[in-house]
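For ligands, and for the atoms within them, numbers begin at 1 and follow the listed sequence.
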Amino acid sequence: MLSRAQAIEEVAGRRFEVVVVGGGITGAGVALDAASRGYSVALLERGDYAEGTSSRSSKMVHGGLRYLQNLDLGLVREALLERQLLVQLAPHLVYPTPFLVPDFPDQRRDRRLGIGLNMYDVMATTRVGRGRREMRSSKEEDEDFYWSPDRHRTIDRDEVLELVPSLASRDPKSAYLFYDCQTDDVRMVLTVLGEAERFGATMLNGAEVTEVTLDAGGRATGVAFVEAESGERIEVGADNVVNATGVWADRIRPEEVVEEEDVPRIAPSRGTHLLIDRDVLSTGDAACIVPAGEGRAIFALPWYGRTLVGTTDNDFEGDIDRPRPGEEEVAYLLEAVNDFFGLSLGDRDLVGAYAGVRPLISTGDPKKSVDISRKAELYETSSGMLTITGGKLTTWRRMAKQTVDRLVEREGREAPCHTAEIPLGMEAREEDLRAPEGVGEEALAQLAFRYGHAARDVLALAREDSKLARPIVSGRPDLLAEAVIAVRREQARTVADVLLRRTRLGLLAAPQLRAAESVREVAAAMGGELGWSRREVKRAAEAWPAAAAEAGVDPAGSLAR
Ligand SMILES: Cc1cc2nc3c(=O)[nH]c(=O)nc-3n(C[C@H](O)[C@H](O)[C@H](O)COP(=O)(O)OP(=O)(O)OC[C@H]3O[C@@H](n4cnc5c(N)ncnc54)[C@H](O)[C@@H]3O)c2cc1C
């Protein structure tokens, strides 16, 4: 990625065929799709890339078994096909995980689930429905070329315990086993942005769009944004403006609506997640679906060497700019895992927590958010600005295609979508990476997952300067060199950018990162790149505890302070 200074120069006062507002997965996808069809593209992000919902998801690339209950078959099918494609396009970043739904001696087996899983299997195959032409247009003709998970099956007690030993005290009878996929949501965004840049798109974070500029006839001619560091107002011309600001989409709507009631409203819903040390709660290499009362279910799954528990799904009326895990939601999630695994975990057992707000589309129906569709909505308002919101992390490519198809159609261009064939980053196998002294296998595996081929650049830095080969947090594999790469390649500007998004240490090791002193080396590594004075390094480190508190990553820490 260009440095911020270069990116500002590239966009200020210039005109682009497409200006995308919002640097979450949806905006990143639109930038990649449009750039790869030959459009000149600029993308502007208010805060940091993926800072909104795209860093706060459950990190699953999935069809969404639970949407089958709502008979949202089209959505499930679409997401399952995208899941398959993403494993293909980003094999280092999207990986399958076995999911278990155990049953216990005192329970009846839920046969409806078996039927649902059969449907899930059938809907996940490429042979059904997917256009042959679409398949043929792919470079490979062989359908088996596409990754496809094994069908679901029932496993016996021994196999359940082999996969999830911590269920031993519950004496499970058997379990349904099916597959879904996992990823790192922020890395997905950064990887898609990296590809968009390869096709010529320019990206800038710290660029809050405050205005859609209009001509005398009320048509959008571009946007104006405020650059975070200088506070300067900068204009960028655009033939087309795409609003991909997720849960904030309602805010970028100038006085331009044709029929106010036709425009869908965003109905925010908060989802809280917890992270737990695997020594305290481990689900092995599998995920478990955990009943959570009133017919709801949550999950516990392995992620970056921790156990990720989530999620809640509650209507949210708080500040959407600063969603934090709600106290009651933390208690609800803990109660569900405690009941299920026979434990008595409390706040103090958490190594991290986070909350996100879903940009669910409300049609005025007062249903609860759990029932509102996860479908994406694309709408055009009178200035010609296109807004794309809703949807899922998994379906970003389809949302982007839908948006750029509309642009292409209204301009009468001949420009088909290519994103089904564009690899996302370049895979690196762990065994091809050479570790400098002091860097262990766990770090290599994590770097290969997180950066793909670019892991070599992180390792090269660590080799050049042994200080950078040190872990950021003792006992975790993330290297200080990653803080340097985050600034040099990924426009990171704050310690929070590095700890919450470029690495995920803020969520994975929050108690170890309570003090400003604990992040001093991260700030110093960043400062080396950004030319910070010692005072600025100190200030950057001191800003971290407040940022962590604002995100609510450390529920026990906020009690301890
Ligand atoms: C709790 C939870 C769990 C989820 N789990 C999953 C899951 O497991 N799998 C899945 O597929 N989906 C999941 N989702 C859904 C998925 O995360 C979202 O659909 C997706 O991340 C939305 O991406 P987005 O780019 O539309 O929005 P965002 O990621 O919020 O991006 C919008 C961006 O616009 C920026 N912005 C706002 N205003 C401006 C402005 N004026 N100028 C410039 N930029 C601006 C924001 O800073 C933000 O970065 C989950 C969602 C939640 C909340």
Side-chain angles (χ1 to χ4, degrees), residues 19-31 42-64 66-67 75 78-80 82-83 86 94 180-186 188-189 192-193 203-212 223-228 236 241-253 266 268-273 287 298-299 301 303 308 310-314 316 320-321 323 325 329 354-361 369 374-377 387-400 403 501:
V19 167
V20 182
V21 186
I25 192 62
T26 308
V30 171
L43 177 143
L44 302 170
E45 161 56 44
R46 173 179 69 167
D48 186 23
Y49 302 115
E51 182 179 272
T53 311
S54 298
S55 56
R56 298 154 185 270
S57 79
S58 305
K59 288 88 174 88
M60 284 192 267
V61 173
H62 65 160
R66 105 179 132 99
Y67 310 130
L75 176 72
E78 188 177 280
L80 284 169
E82 289 305 302
R83 177 185 76 168
L86 287 175
V94 181
D180 252 323
C181 291
Q182 286 183 266
T183 190
D184 175 335
D185 44 8
V186 178
M188 176 68 77
V189 174
V192 173
L193 285 173
M203 267 74 68
L204 178 64
N205 63 5
E208 178 167 8
V209 170
T210 49
E211 202 184 316
V212 176
V223 300
F225 71 88
V226 175
E227 198 281 302
V236 186
V241 177
V242 176
N243 172 9
T245 56
V247 82
W248 296 273
D250 281 350
R251 291 194 190 164
I252 305 208
R253 195 187 298 154
I266 311 287
S269 140
R270 179 169 64 183
T272 289
H273 295 83
I298 59 166
F299 57 78
L301 43 83
W303 190 65
L308 174 63
T311 175
T312 53
D313 196 340
N314 298 330
F316 181 58
I320 57 171
D321 286 344
E329 291 172 49
Y354 62 93
V357 184
R358 296 177 183 81
L360 301 186
I361 304 297
S369 64
R374 256 70 174 168
K375 280 201 187 90
E377 283 290 338
T387 293
I388 175 78
T389 188
K392 292 168 39 134
L393 182 78
T394 308
T395 52
W396 65 266
R397 202 194 60 83
R398 296 234 171 186
M399 292 167 71
T403 310
R501 289 172 288 277

Exercise. Hey, which atoms in ligand 1 end up nearer than 4.0 Å to a heavy atom of Gly24?
Worked result: 25 (O), 29 (O), 31 (O), 33 (C)

Seminar exercise, completed: CZ of Arg83 to OG1 of Thr395, rounded to nearest 0.5 Å, is 13.5 Å

Exercise. About how many Å separate CG of Leu75 and OG1 of Thr394, when rounded to the nearest 0.5 Å?
Worked result: 9.0 Å

Exercise. Does some non-hydrogen atom of Val21 fall short of 4.0 Å from ligand 1?
Worked result: yes

For this session: Apply side chain to side chain contact (heavy atoms under 4.5 Å, CB included) to the pair Arg358 and Phe316, showing each step before the final yes or no.
Result: CA-CA 9 Å; Arg358 296 177 183 81; Phe316 181 58; over 6 Å; no

For this session: Using a strict cut-off of 4.0 Å, indicate which atoms of ligand 1 neighbour a heavy atom of Ile252.
Result: 40 (C), 41 (N)

For this session: Please determine if Val209 has a nitrogen or oxygen closer than 3.5 Å to a nitrogen or oxygen of ligand 1.
Result: yes

Exercise. Do Glu45 and ligand 1 have an N or O pair less than 3.5 Å apart?
Worked result: yes

Exercise. Thr394 to ligand 1: N or O pair under 3.5 Å?
Worked result: yes

For this session: Could you list the residues that satisfy ring-ring contact (aromatic ring centres under 6.0 Å, His included) with His62, not counting sequence neighbours?
Result: none

For this session: Indicate yes or no: does an N/O atom of Thr311 lie under 3.5 Å from an N/O atom of ligand 1?
Result: no

Exercise. Any idea which part of Arg56 is under 4.0 Å from ligand 1, heavy-atom wise: side chain, backbone, both or neither?
Worked result: backbone

For this session: Return yes or no for this condition: an N or O of Thr26 is under 3.5 Å from an N or O of ligand 1.
Result: yes

Seminar exercise, completed: Rounded to the nearest 0.5 angstrom, the OG1-CZ distance for Thr245 and Arg46 is 8.5 Å

For this session: Can you measure from NZ (Lys59) to OG1 (Thr183) and round to the nearest 0.5 angstrom?
Result: 9.5 Å

Problem set entry | Separation of Ser58 OG from Asp185 CG (nearest 0.5 Å) | 9.0 Å

For this session: Under 4.0 Å, heavy atoms only, figure out whether ligand 1 is touched by the backbone of His273, its side chain, both or neither.
Result: side chain

Problem set entry | Under 3.5 Å donor-acceptor, Thr26 side chain and Ala244 backbone | no

Exercise. Can you list the ligand 1 atoms lying under 4.0 Å from a non-hydrogen atom of Gly391?
Worked result: 19 (O)

Exercise. At under 4.0 Å between heavy atoms, which part of Ala28 makes contact with ligand 1: side chain, backbone, both or neither?
Worked result: neither

Problem set entry | Nearest-0.5 Å distance, CG of residue Asp313 to OG of residue Ser269 | 3.5 Å

For this session: Output yes when a side-chain donor or acceptor of Thr389 lies under 3.5 Å from a complementary backbone atom of Gly246, and no otherwise.
Result: yes

Exercise. Taking only heavy atoms of Val357, which atoms of ligand 1 are found under 4.0 Å from at least one of them?
Worked result: 53 (C)

Problem set entry | ligand 1 to Glu208 polar contact by distance, N or O atoms, under 3.5 Å | no

Exercise. For ligand 1, which part of Ala244 has a heavy atom less than 4.0 Å away: the side chain, the backbone, both, or neither?
Worked result: backbone

Exercise. Does any N/O atom on Ala50 come nearer than 3.5 Å to any N/O atom on ligand 1?
Worked result: no

Problem set entry | Gly22 neighbourhood, listing ligand 1 atoms whose heavy-atom distance to it stays under 4.0 Å | 33 (C), 34 (O), 35 (C), 44 (N)

For this session: Could you list which atoms of ligand 1 come closer than 4.0 Å to a heavy atom of Gly271?
Result: 1 (C)

For this session: Using distance alone, decide if ligand 1 has a nitrogen or oxygen within less than 3.5 Å of any nitrogen or oxygen in Gly356.
Result: no

Exercise. So, for Ser57 and Leu393, which heavy atoms are closest and what is the spacing to 0.1 Å?
Worked result: OG-CD2, 3.9 Å

Exercise. Can you list the residues that meet the side-chain hydrogen bond (donor to acceptor under 3.5 Å, both in side chains) rule with Glu208, with sequence neighbours excluded?
Worked result: none

For this session: Using distance alone, determine whether Arg358 and ligand 1 share an N or O pair under 3.5 Å.
Result: no

Problem set entry | Per-atom contacts, ligand 1 versus Leu44 - under 4.0 Å to a heavy atom | 43 (C), 44 (N)

Problem set entry | Contact check, Ala207 vs ligand 1, heavy-atom distance below 4.0 Å | yes

For this session: Can you sort out which atoms of ligand 1 are near Lys59, meaning under 4.0 Å from one of its heavy atoms?
Result: 8 (O)

For this session: Please say which of Asp321, Thr53, Asn243 ends up in a side-chain hydrogen bond (donor to acceptor under 3.5 Å, both in side chains) with Trp248.
Result: Asp321

Problem set entry | Expected output: side-chain Arg270 to main-chain Asn314 donor-acceptor under 3.5 Å | no

